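Single-structure report; data block below.
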Amino acid sequence: MISIEHVSRRFGDGPDAVVALDDVSIEVPRGSIFGVVGQSGAGKSTLLRTVNALERPDSGRVVVDGVEVTALEGKALLQARHQIGMVFQHFNLVGNRTVAQNVEFALEATGAPKKDRRPKALEMLDLVGLAHRADDRPGQLSGGQRQRVGIARALASGPDVLLSDEATSALDPETTRSILELIQRLSRELGLTVLLITHEMDVVKRICDAAALMETGRVIEQGSLDDLIRTPGSRVAAELFPVGEAHYIPHHRIIDVTYTGLSADRPVIAQLARDFGLDVSILGAALETIGGHQAGRTRLAVPGDASVALKVIDSLTAQGVTAWEVLA
Amino acid sequence: MIDPAAPTFWPQLMQVLLEGTWETVYMTAIAMAITFVVGLPLGIILVGTEQGRFLEAPFGSRALGRVVNGLLGFIVNLGRSVPFIVLMIALIPVTRWLLGSFIGTGPAIVPLTLVAIPFFVRVVEIAVREVDPGLFEAAESLGASRWLLVRRVLLPQATPAILLGTATTITSIINFSAMVGVVGGGGLGNVALTYGMQRYSWIHIVFVVIILFALVQLIQWALTALAKRLGAQPIRRGPKKDATADAQAHLDADLALPSSRTPTHPSGSTP
Ligand SMILES: Nc1ncnc2c1ncn2[C@@H]1O[C@H](COP(=O)(O)OP(=O)(O)O)[C@@H](O)[C@H]1O
Ligand SMILES: [Mg+2]
């Protein structure tokens with residue numbers, strides 16, 4: 001489990017100071033995948049780097065699997081880092097050393113005996129499907145393959161936590177998908193707790209259990225994806241379901257209907273028309289697979305006043321979907 | 001004047017050139033070896049102790065890091081700004097104290113080394129600076145010690161650039177070694193001085209220039225080829241040797257070169 005508690009960090013002083021983190025608290029349960037999204041400069045990388053103490057917060061603390069990382073120094077810190085793997089956007093592999101040597105380096109860092117390193121490195125490479133490229137240089141591999149090596153290296157010391165800083169941002173969509181699948185599979189097989197940062201909503205949608213949105217050093221919203229998509233006004237949810245802007249329509253009320261799992265298959269809107277005899281129009285709709293489940297959002301324009309909207313929302317809620325009125 | 005028509009001229013010329021070349025090679029090799037051993041760690045420390053780098057707080061002390069960085073930077077800049085001839089003269093007492101004499105090829109190595117170290121520190125500094133900071137970040141994230149980081153990340157990545165810089169350093173040592181003839185330092189510079197300047201033998205000068213040119217070319221070519229081999233991302237497929245270990249071996253060979261040759265020839269002979 002990763003527990004980030006009231007962490008703040010500023011760079012520089014005086015009027016030029018940048019508040020990279022402003023009282024950030026995030027909790028990632030053991031074995032889950034947590035995504036932090038936000039624009040460039042929001043403080044995502046700084047946050048992630050506090051977890052393995054590459055960055056020291058000015059205040060607040062970070063606890064990883066019961067160990068207060070923010071309090072560690074010297075050897076104890078090095079040892080804690082063996083329990084926290086990290087992968088990077090640009091892979092950060094040593095170009096003058098072979099793929100296997102790059103992975104072996106992680107083992108050497110833990111003080112593993114020399115004779116054990118290569119077998120273990122090959123085992124890790126096998127785990128990511130690259131054992132046959134062990135003696136190649138990173139430069140001979142594709143981007144996706146390099147990131148696989150990065151993952152093998154990060155996991156070689158057997159950590160319980162994986163940090164990922166935009167691991168797929170330099171990759172094409174198809175490769176991104178395969179890397180995400182790999183991270184998800186390894187997370188399940190090894191019981192890894194994953195904290196990843198990304199600016200791509202697609203990453204969150206595909207593998208995250210929970211997410212946080214950051215802006216100028218602050219967490220704007222966070223929660224499990226299931227909760228977020230049921231939260232009125234959630235910006236994460238709005239990004240996940242691109243149903244467009246809500247525009248004012250005279251004598252109409254605008255209602256967002258969000259359905260997950262089984263309810264996605266039910267014809268709730270047809271039902272609505274039947275029950276109330278309303279001429280409901282659909283302004284936008286998005287159907288997504290989120291965390292392996294079907295989920296969708298439909299934006300409706302319902303003729304009538306506030307009381308009609310309320311009745312419609314009650315009826316929808318009774319059918320097991322989430323609905324709320326959107327103010328244009 | 002020397003008479004080129006004399007029967008002893010060419011054998012004597014050969015003898016003098018051979019001796020001069022040997023002395024130049026000997027002085028340069030020893031000076032470079034010491035420079036390498038001293039300059040490499042200094043260069044790494046100079047960059048490493050910068051703020052935000054892996055040695056910014058040696059022994060847990062940021063203040064120490066700042067002091068070391070400032071001091072090193074100052075010494076290197078000072079060393080680089082003193083003209084060689086001034087350095088050489090200023091060093092006479094030091095050299096005499098160190099070696100009991102300031103005349104001859106052996107003592108000449110002292111100023112040569114001292115002029116080369118700041119130069120080489122700068123070479124290492126540039127090479128280390130060019131290593132992708134992401135690699136340091138990755139090594140740190142793996143909980144690698146600083147020593148491991150230097151050995152497995154910094155050196156393998158910086159070696160090609162350091163080799164190229166070594167070629168440049170050797171070239172300038174050879175350059176400066178021509179000047180130590182002034183203090184009886186021997187070498188090709190001394191040949192040019194004694195025969196060329198004092199006895200007006202342009203033939204000696206021409207040969208000295210040719211030999212120096214060949215030496216510099218040879219070193220430049222060899223080290224460039226080596227750097228290329230180590231630095232270029234290979235395009236070949238299939239199993240291959242460990243180029244990093246190679247780099248290490250070659251560096252080691254570099255260091256061993258002068259010491260393995262030293263005892264076979266008497267030094268300090270001046271014609
Ligand atoms: N080492 C640093 N020195 C100064 N400013 C920094 C440093 N690291 C990050 N920042 C600043 O902190 C802010 C957050 O950066 P970062 O965490 O990298 O954002 P993100 O990863 O979301 O793009 C940015 O304004 C950035 O310029
Ligand atoms: Mg970032």
Side-chain angles (χ1 to χ4, degrees), chain A residues 11 45 48-49 51-55 72-98 100-111 132-141 149-150 153-157 159 161-163 165, chain B residues 51-54 56-62 127 130-163 226-248 250:
Chain A
F11 292 106
S45 294
L48 195 76
R49 291 158 51 85
V51 177
N52 58 0
L54 287 180
E55 197 71 69
L72 296 178
E73 300 273 355
K75 257 208 149 61
L77 177 58
L78 297 188
Q79 264 155 17
R81 283 179 179 155
H82 300 152
Q83 299 307 312
I84 304 170
M86 188 167 185
V87 286
F88 306 87
Q89 178 174 6
H90 298 294
F91 327 123
N92 296 358
L93 302 171
V94 182
N96 285 350
R97 313 201 76 212
T98 66
Q101 283 173 330
N102 268 280
V103 181
E104 282 170 47
F105 175 69
L107 296 160
E108 193 173 5
T110 67
H132 61 294
R133 305 301 297 270
D135 297 315
D136 285 335
R137 292 298 146 100
Q140 294 167 272
L141 305 182
V149 177
R153 178 178 68 177
L155 299 181
S157 58
V161 168
L162 181 67
L163 308 175
D165 191 344
Chain B
Q51 226 190 338
R53 293 212 179 239
F54 64 98
E56 69 170 345
F59 307 110
S61 162
R62 260 166 203 278
E130 288 207 340
V131 177
D132 176 5
L135 297 185
F136 292 103
E137 196 181 10
E140 268 192 276
S141 82
L142 292 167
S145 65
R146 287 166 186 155
W147 169 233
L148 200 61
L149 182 151
V150 168
R151 224 160 31 117
R152 296 291 191 225
V153 177
L154 190 155
L155 284 180
Q157 290 298 99
T159 295
I162 290 176
L163 287 177
L226 186 60
K228 238 184 216 150
R229 211 168 78 86
L230 296 177
Q233 302 292 325
I235 333 137
R236 327 163 260 158
R237 289 281 180 119
K240 60 188 64 76
K241 301 186 290 179
D242 173 7
T244 309
D246 269 0
Q248 215 59 54
H250 282 290

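Note that this is a predicted model, so its numbers are computed, not measured. Throughout, a chain's letter reflects where its sequence line sits, starting with A, and its residues are numbered from 1.
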How close do B:Ala144 and A:Ala109 get, heavy atom to heavy atom, and via which atoms? CA-CB, 3.7 Å
Shortest non-hydrogen contact from B:Arg151 to A:Glu108? NH2-OE2, 3.5 Å
Counterpart residues, salt bridge (charged side-chain N to carboxylate O under 4.0 Å, His left out), relative to B:Glu130 (two or more places apart): none
What's the spacing between B:Leu142 CG and A:Asn52 CG if we round to 0.5 Å? 9.5 Å
Applying a criterion of heavy atom separation less than 4.5 Å, what residues of residues 86-93 of chain A form contacts with chain B? A:Met86, A:Phe88, A:Asn92, A:Leu93
Side chain, backbone, both or neither: which part of A:Leu54 has a heavy atom under 4.5 Å from chain B? side chain
Considering only heavy atoms and a distance below 4.5 Å, find which of B:Ala139, B:Ser141, B:Ser145, B:Gly60 pairs most often with chain A. B:Ser141
Any idea which of B:Leu149, B:Val153, B:Val131, B:Leu148 has the most non-hydrogen atom pairs under 4.5 angstrom with chain A? B:Leu148
Contacts of type salt bridge (charged side-chain N to carboxylate O under 4.0 Å, His left out), residue B:Arg53, not counting sequence neighbours: B:Glu50
Looking at B:Gln157 and A:Asn96, would you say the former's side chain and the latter's main chain have a donor-acceptor pair under 3.5 Å? yes
Indicate yes or no: at least one non-hydrogen side-chain atom of B:Arg152 is less than 4.5 angstrom from one of A:Gln101. no
Restricting to side-chain contact (heavy atoms from CB on, under 4.5 Å), what partner residues turn up for A:Gln79, sequence neighbours left out? A:His82
If you count heavy-atom pairs within less than 4.5 Å of chain B, which of A:Arg49, A:Lys75, A:Glu73 leads? A:Arg49
